[in-house]
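Notes to accompany the following structure.
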Amino acid sequence: METQPIPGRRPFLKTIATSVAAPSIFTNLVAASNKPSPSNTITLGCIGMGGHGTKYNMKLFLNEPDCRVLAVCDVFRSRANAAAELVDQHYEDGSCKACYDFREILSDPKIDAVVISTPDHWHVPIAKMALAAGKHVFCEKPTYCINEGKELIDAVQSSGKTFQIGLEDRSLTHYHKLVEWERNGAIGDLYHVEVTMPVGSIKPYAPPAPVPDDLNWQMWLGPAPDHPYTKTRTGAMNWRYIRDYSTGMLTDWGAHLMDTAQLAINDPLSCPVEVKAWGHEVPAGSESDIPAVYDVHYRYSNGITAHVKNSVGAEWMGQKATIRLQGSKGWVEVEGWRGKFNASDPAILKQRYSAEQSKHWQMPPSEHRNFLDCIRSGAKTTYPVETLHNLSTTLHLGLISMDLGRSLQWDPSRNRFVNDPSANKRLGRTMREDWKKA
């Protein structure tokens, strides 16, 4: 089944300005006769070829027989070239194009969908531009700020294209079973979720340094404020703790465990209505400016509470990423990422439910497989854009409360804090326009 084209094609810049979607055009050559014909192959462009973009997202899409990676892109030329070589080795040809400006991928009519694995500050801007260019979008979490989530919802809905978050938990047995036991009453009525998070690393200040020859630094910065290049700034566990580019481990690892938490909580408003958070002061002389250690309390409209914490002194990944669901009749948890099941009563862990019995959906395929299936069917993905917004919003609430040092009331229906102008000033960001000249 072919993806459904939307009539009309204009030059790329006009497309971005007017949000006119491009038709899907499939012209890739397929070498082996047992592979899908060109007209049935979903063509991909991968943007952001760091470790996760290459070794996880691109790798898993390469393993799907009904799609083909046509182009890869990174602001580090060496990364783009290395990723293109991996694609060519997989397909046993030299057809993959290495790009250094994501706009080249968005303007390519042969590409049906993009896979965005960039730092967080680029997620929504590239996703919106891709949707306006007529591409389906697979995008890593989280959003950079709360307002961007709502903007992205509007962009997806107006485009008619398929959107999927790069988040795997709903397709992992550990977290699916956790929610299934809760939904089917194994622990009674849920009243609290306890989440323990790993602690990231706070990096010391690094002085400005010459920009590497293969890096387009201004394009890496993109909409973020201009800043001199430093040797540590572009590392995945470094930019995540610099507010210009991300919002810390709470929104990164938190997206995994809090997605499972919010599925179990099943609040009709999808987000908490109250948050109170504390963050450990960032050490002086740090390049980072986001607390690595925190304690966050949420309350939902249905009365269920959630607590997210980590502790001082825990090294990176030394503290297990654990989630516990506490009910009126007992509790169940996963200790460690994809780790050990524990329960107040071991008999809970032996309970099984048929598809007809279970009050929870059946475990879906991986987010990569589901994305391709939904492009073909037009169905909603496992992780739609609304989930990205609600999940990221919950985590951003924690950081904003941490910053202000007080509890906050949230109105999910209005996407605003209740009678709190100072908190509402933190919903969006000002984006730099100079990146467009890079």
Side-chain angles (χ1 to χ4, degrees), residues 51-52 55-57 59-60 140-142 165-184 186-188 190-201 236-237 240 248-266 292-296 298 304-327 329-353 358 360-368 370 382-383 387 391 394-395 398:
H52 194 77
K55 297 177 183 178
Y56 189 74
N57 285 334
K59 178 182 178 181
L60 292 180
E140 278 299 317
K141 45 71 183 169
I165 315 172
L167 194 61
E168 66 267 34
D169 303 58
R170 296 182 184 185
S171 302
L172 299 178
T173 300
H174 298 77
Y175 305 102
H176 182 270
K177 291 298 297 182
L178 206 64
V179 177
E180 185 175 51
W181 281 319
E182 182 271 330
R183 289 278 180 93
N184 287 279
I187 61 172
L190 180 70
Y191 67 85
H192 181 70
V193 180
E194 192 73 17
V195 172
T196 302
M197 296 273 288
V199 177
S201 54
M237 293 318 300
R240 211 164 247 118
M249 192 60 68
L250 178 62
T251 55
D252 178 50
W253 263 97
H256 290 280
L257 300 181
M258 284 304 293
D259 177 63
T260 297
Q262 294 202 148
L263 276 180
I265 291 169
N266 198 28
V293 178
Y294 42 78
D295 191 282
V296 186
Y298 296 106
I304 297 174
T305 57
H307 179 211
V308 183
K309 70 178 187 302
N310 54 23
S311 61
V312 177
E315 298 299 328
W316 164 239
M317 292 305 293
Q319 187 164 301
K320 295 180 179 180
T322 297
I323 177 170
R324 174 182 289 197
L325 307 183
Q326 181 71 57
K329 296 180 180 178
W331 56 266
V332 64
E333 74 176 9
V334 175
E335 179 187 0
W337 175 243
R338 305 190 192 189
K340 178 185 176 183
F341 282 122
N342 297 314
S344 55
D345 180 352
I348 294 174
L349 306 181
K350 298 178 182 180
Q351 294 191 29
R352 299 291 182 269
Y353 309 94
S358 182
H360 188 37
W361 60 55
Q362 295 299 292
M363 191 170 73
S366 75
E367 69 273 28
H368 303 84
N370 178 250
T382 301
Y383 279 110
T387 294
L391 178 58
T394 295
L395 300 167

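Only a predicted model underlies this, so the values are computations on that prediction, with no experimental measurement involved. Counting begins at 1 with the first residue of the sequence.
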To the nearest 0.5 Å, tell me how far [X] [atom1] sits from [Y] [atom2].
X	Y	atom1	atom2	value
L349	E333	CG	CD	10.0 Å
T173	L178	OG1	CG	12.0 Å
Q326	S344	CD	OG	7.0 Å
K177	M363	NZ	CE	9.5 Å

*Is H176 reaching over with its side chain to a backbone N or O of W361, donor-acceptor style, under 3.5 angstrom?*
yes
*Do side-chain atoms of K141 reach the backbone of D252 as a donor and acceptor pair under 3.5 angstrom?*
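Checking the backbone N and O of D252 against the side chain of K141, a donor-acceptor pair under 3.5 Å is found.
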Please give me the minimum heavy-atom distance between [X] and [Y], naming the atom from each residue.
X	Y	value
E335	T322	CA-OG1, 3.5 Å
V308	L250	CG1-CD1, 4.0 Å
T196	L257	O-CD1, 3.7 Å
A343	I348	CB-CB, 4.2 Å
S171	S366	OG-CA, 3.7 Å
G254	L395	C-CD1, 3.7 Å

Student check: side-chain heavy atoms of [X] and [Y] closer than 4.5 Å:
X	Y	answer
R324	V332	no
V195	W253	no
L167	H256	yes

*Please assess H368 against N57 for the test side-chain contact (heavy atoms from CB on, under 4.5 Å), listing each intermediate value before the final yes or no.*
CA-CA 8 Å; H368 303 84; N57 285 334; 2.9 Å; yes
*Step by step, work out the side-chain contact (heavy atoms from CB on, under 4.5 Å) result for K340 and K320.*
CA-CA 11 Å; K340 178 185 176 183; K320 295 180 179 180; over 6 Å; no
Side-chain donor-acceptor pair present, [X], [Y], cut-off under 3.5 Å:
X	Y	answer
H307	D295	yes
D259	Y175	no
N266	E182	no
N370	T382	yes

*Would you check, one step at a time, whether the test side-chain contact (heavy atoms from CB on, under 4.5 Å) holds for W337 with L172?*
CA-CA 11 Å; W337 175 243; L172 299 178; 3.9 Å; yes
*Output field: ring centroids Y191/W331 closer than 6.0 Å*: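 Between Y191 and W331, the centre distance exceeds or equals 6.0 Å.
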*So does R170 pair up with E367, basic N to acidic O under 4.0 Å?*
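No, R170 and E367 are not salt-bridged.
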*Evaluate the criterion side-chain contact (heavy atoms from CB on, under 4.5 Å) for residue pair Q262 and Y298; output intermediate values, then yes/no.*
CA-CA 11 Å; Q262 294 202 148; Y298 296 106; over 6 Å; no
_Could you work out, with side-chain contact (heavy atoms from CB on, under 4.5 Å) as the rule, every residue matching Y353, not counting sequence neighbours?_
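For Y353 the side-chain contact (heavy atoms from CB on, under 4.5 Å) partners, ignoring immediate neighbours, are E180, W181, N184, A186, Q351, Q357, S358.
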